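Reading through the structure tokens given below for one structure.
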Amino acid sequence: MKQSRRRQRTLLLALLFLSVVSPLVFVSHHLNTITPDGRRDFLDELSSFTHRTDPLNAIEQEGAEELEEPKEIVYKEEDFVSTNSYILQKTNDTEGSKSEGYRNNTLERNEFDQHKRQNQEAQQKGLLSTDGDVNIFNTTVTHNQNIHTHFQRVTDENVEVTGNQSVPKATQHRQSSCPQSQRVTNQKVLEIKDQIIRARAYLGFATPSSNSHLVKELKLRIKEMERAVGEATKDSELSRSALQKTRHMEASLSKANCVFPDCTAMAAKLRAMNHNAEEQVHSHQREATHLVHLAARTTPKGLHCLSMQLTADYFALKPEDRKLPNENKIHDPKLYHYAVFSDNLLACAVVVNSTVSNAKKQEKLVFHVVTNSLNFPAIWMWFLLNPPGKATVHIQSIENFEWLPKYNTFNKHNSSDPRYTSELNYLRFYLPDIFPTLNKILFFDHDVVVQQDLSGLWNANMKGKVIAAVGTCQEGGTSFHRMDMFINFSDPFIAKRFDVNACTWAFGMNLFDLQQWRRHNLTALYHRYLQMGSKRPLWNIGSLPLGWLTFYNKTKVLDRRWHILGLGYDSVVDKNEIERAAIIHYDGIRKPWLDIAMGRYRSYWTKYLNFDLPILQRCNLQA
């Protein structure tokens with residue numbers, strides 16, 4: 001009797017021991033056989049199961065299990081993008097079915113074959129319909145065949161099962177599919193941001209003093225999602241915890257939807273949030289525009305330092321030590337004469353250095369720099385310390401033109417932009433008076449860079465025209481202009497004498513035949529238009545419209561390769577066009593010597609300055 005009881009007790013203890021040990025052996029064996037990703041998922045599920053004793057987490061997890069992924073597309077795109085969304089939805093469905101075994105995969109293939117037959121029938125009609133979001137495309141049969149081929153390739157890859165590696169294969173193919181993959185791979189990021197917006201909208205319905213559990217939960221979820229998404233722009237940059245938190249957030253949003261079920265109020269709240277966001281964007285844009293224009297009108301600190309130091313060095317010299325070489329060449333009409341009117345020291349230096357560096361005959365170059373009395377000593381001292389090789393430099397001050405005050409016709413505008421108020425900008429209309437002994441002169445704006453030898457331009461046949469310039473009347477071009485953009489053709493005087501469809505041209509690089517100018521007496525014609533414009537609005541502010549009127553029908557249009565514009569405002573100028581151009585022009589407010597310059601173009605300008613010079617380093621001027 002005692003032995004039978006002992007045996008029963010031993011048997012019960014053995015069964016109890018087996019019931020405790022066998023689950024542990026099973027779990028350890030399962031962890032050793034599954035892949036690292038599967039082991040991590042299993043541990044996450046196990047840890048979440050063991051912590052379900054927390055009431056809040058239990059509610060969130062239950063809500064997350066009951067909810068499916070949001071099926072609505074946050075940003076709907078037309079044509080091929082909607083097809084990508086459809087493909088992605090089918091891919092996710094396929095991935096979910098793989099865990100059910102080979103039988104479900106066979107059913108998936110049969111469903112795909114059915115879709116294939118339906119799509120082929122739709123292609124014959126020129127129409128492709130998709131389920132779920134009901135995206136309908138009225139396209140040609142050829143386009144539908146391309147889309148169907150892409151869909152077949154993606155689905156075949158995803159339906160194919162190769163053991164435990166089937167899910168990573170589908171994910172890898174989805175990330176490297178078509179050129180539109182950037183719009184697909186950031187879908188989760190967009191969904192997270194959309195969830196944050198919805199949560200903020202729900203918080204807007206709560207009273208300011210509300211301290212309910214739901215309000216606290218939404219605030220907590222918003223902070224978690226903002227930290228989770230961070231600065232991520234692609235789904236691949238999101239962590240695994242971020243994807244888990246999206247399910248928790250969706251559960252919280254579901255609770256909020258139950259508390260605030262009024263869709264009309266939600267729509268009104270979202271419209272108000274959208275309006276406020278747009279107002280903020282417009283405000284920031286106006287502020288940014290103001291700051292950019294302010295920076296364009298401000299002299300950089302380093303350039304101001306350089307001018308002050310050179311001015312001090314100039315007045316420290318004796319008068320006999322201030323002479324520039326080759327002064328006997330400045331009136332020789334047989335040489336190549338270039339004019340630059342500027343108050344910017346470094347800009348003048350780059351124009352001169354770039355022209356000399358690319359010239360085949362440097363000894364034939366003569367540069368005439370005209371500036372104001374404030375910057376005259378600094379510019380003179382710069383070229384005295386840095387002579388441009390064999391070329392000649394002649395520097396003049398506008399205050400030394402004694403004949404200029406009798407005209408007194410410089411247009412004064414209510415503007416703080418020096419491009420429209422500086423006398424140097426309108427001095428170009430007096431070239432025959434400034435250089436009475438010359439027959440031809442090539443005029444440069446101070447924001448250009450010369451990249452080729454310009455001997456061929458000097459040999460161009462002007463055909464009796466006064467000015468040679470690059471046209472800007474090609475529609476679709478970066479610098480496209482029409483006459484009526486700057487000139488008031490509603491005025492009878494303008495409409496009678498000028499053609500609105502006449503080809504426009506650009507300042508910045510212009511070859512002038514001064515003999516023809518004097519023959520037509522164009523300076524007097526300029527004065528006439530200037531006086532008429534002071535009495536009634538005939539053109540917009542600036543010297544360009546005046547140039548179009550003054551030199552109307554007296555302009556020779558040059559090939560566009562001589563002069564490329566837009567480097568001061570257009571960020572997409574073709575690099576090949578820039579490198580082929582003889583002259584590049586930084587027209588616009590983003591000048592290359594400013595901090596707001598476009599970085600991709602600045603190197604074309606800085607390479608003609610030696611920033612290792614001690615005086616530039618003392619003023620902290622760098623490339």
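Everything quoted here is computed from the prediction, not taken from an experiment.
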Under 3.5 Å, side chain of [X] to main-chain N/O of [Y], donor-acceptor pair present?
X    : Y    : answer
N358 : V450 : yes
Y552 : D499 : yes
W380 : R322 : yes
S283 : E279 : no
T550 : G547 : no
H290 : R286 : no
R561 : R580 : no

Below 6.0 angstrom between ring centroids: does that apply to H394 and F383?
->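 Between H394 and F383, the centre distance exceeds or equals 6.0 Å.
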Got a second to check how far [X]'s [atom1] is from [Y]'s [atom2], nearest 0.5 Å?
X    : Y    : atom1 : atom2 : result
L324 : L384 : CG    : CG    : 6.0 Å
I615 : L613 : CD1   : CG    : 8.5 Å
I330 : T392 : CD1   : OG1   : 9.0 Å
H481 : F486 : NE2   : CZ    : 4.5 Å
H585 : M509 : NE2   : CE    : 10.5 Å
N400 : I398 : CG    : CD1   : 10.0 Å

Determine whether more than 12 heavy atoms belonging to other residues, nucleotides or ligands lie under 6.0 Å from atom NZ of K390.
->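 Incorrect, the count does not exceed 12.
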With a cut-off of 6.0 Å (strictly less than), are more than 12 heavy atoms of other residues, nucleotides or ligands near CE of M308?
->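 Open: at most 12 neighbouring heavy atoms sit under 6.0 Å from CE of M308.
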Are [X] and [Y] side-chain neighbours, meaning at least one heavy-atom pair lies under 4.5 Å?
X    : Y    : answer
N386 : N610 : no
M483 : I494 : no
R618 : Q309 : yes

Listing, residues 334-349 side-chain donor-acceptor contacts under 3.5 Å, not counting sequence neighbours, or none:
{"residue": "H337", "atom": "ND1", "partner": "H368", "partner atom": "NE2", "Å": "2.9"}
{"residue": "H337", "atom": "NE2", "partner": "D332", "partner atom": "O", "Å": "2.4"}
{"residue": "Y338", "atom": "OH", "partner": "W458", "partner atom": "NE1", "Å": "3.0"}
{"residue": "S342", "atom": "OG", "partner": "N344", "partner atom": "N", "Å": "2.9"}
{"residue": "S342", "atom": "OG", "partner": "H446", "partner atom": "ND1", "Å": "2.7"}
{"residue": "N344", "atom": "OD1", "partner": "L346", "partner atom": "N", "Å": "3.2"}
{"residue": "N344", "atom": "OD1", "partner": "A347", "partner atom": "N", "Å": "2.9"}

Worked check of side-chain contact (heavy atoms from CB on, under 4.5 Å) between D447 and W593 = CA-CA 9 Å; D447 52 357; W593 55 83; 4.1 Å; yes
List for me each residue that meets side-chain contact (heavy atoms from CB on, under 4.5 Å) alongside K193, sequence neighbours excluded, and say none if there are none.
->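 Result, side-chain contact (heavy atoms from CB on, under 4.5 Å) vs K193: V189.
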Taking atom types as modelled, find out whether T504 and T472 have a side-chain donor-acceptor pair closer than 3.5 angstrom.
->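 There is such a pair (donor and acceptor under 3.5 Å, judged by atom type) between the side chains of T504 and T472.
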Assess the side chains of W517 and T523: does a donor N or O sit below 3.5 Å from an acceptor N or O?
->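 There is such a pair between these side chains.
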Only counting residues at least two apart or in another chain, list the ones meeting ring pair (Phe, Tyr, Trp, His ring centres under 6.0 Å) with F489.
->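 In terms of ring pair (Phe, Tyr, Trp, His ring centres under 6.0 Å), with neighbours along the sequence ignored, F489 is linked to no residue.
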Donor-acceptor contacts under 3.5 Å from residues 359-367 side chains, at least two apart:
{"residue": "Q362", "atom": "NE2", "partner": "V356", "partner atom": "O", "Å": "3.2"}

Under the disulfide bond (SG atoms under 2.5 Å apart) rule, what pairs show up with a residue in residues 505-613, not counting sequence neighbours?
->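 Counting only pairs at least two positions apart or across chains, no disulfide bond (SG atoms under 2.5 Å apart) contact touches residues 505-613.
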What residues form a salt bridge (Lys or Arg N to Asp or Glu O under 4.0 Å) with D491, not counting sequence neighbours?
->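 In terms of salt bridge (Lys or Arg N to Asp or Glu O under 4.0 Å), with neighbours along the sequence ignored, D491 is linked to R536.
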Does R428 make a cation-pi contact with F507, if we ask for NZ or CZ under 6.0 Å from the ring centre and within 45° of the axis?
->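 Relative to the ring axis of F507, which defines the angle, R428 lies inside both limits.
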F429 and F551 aromatic ring geometry - parallel, tilted or perpendicular at 30°/60° bounds |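 Plane angle under 30°, so parallel.
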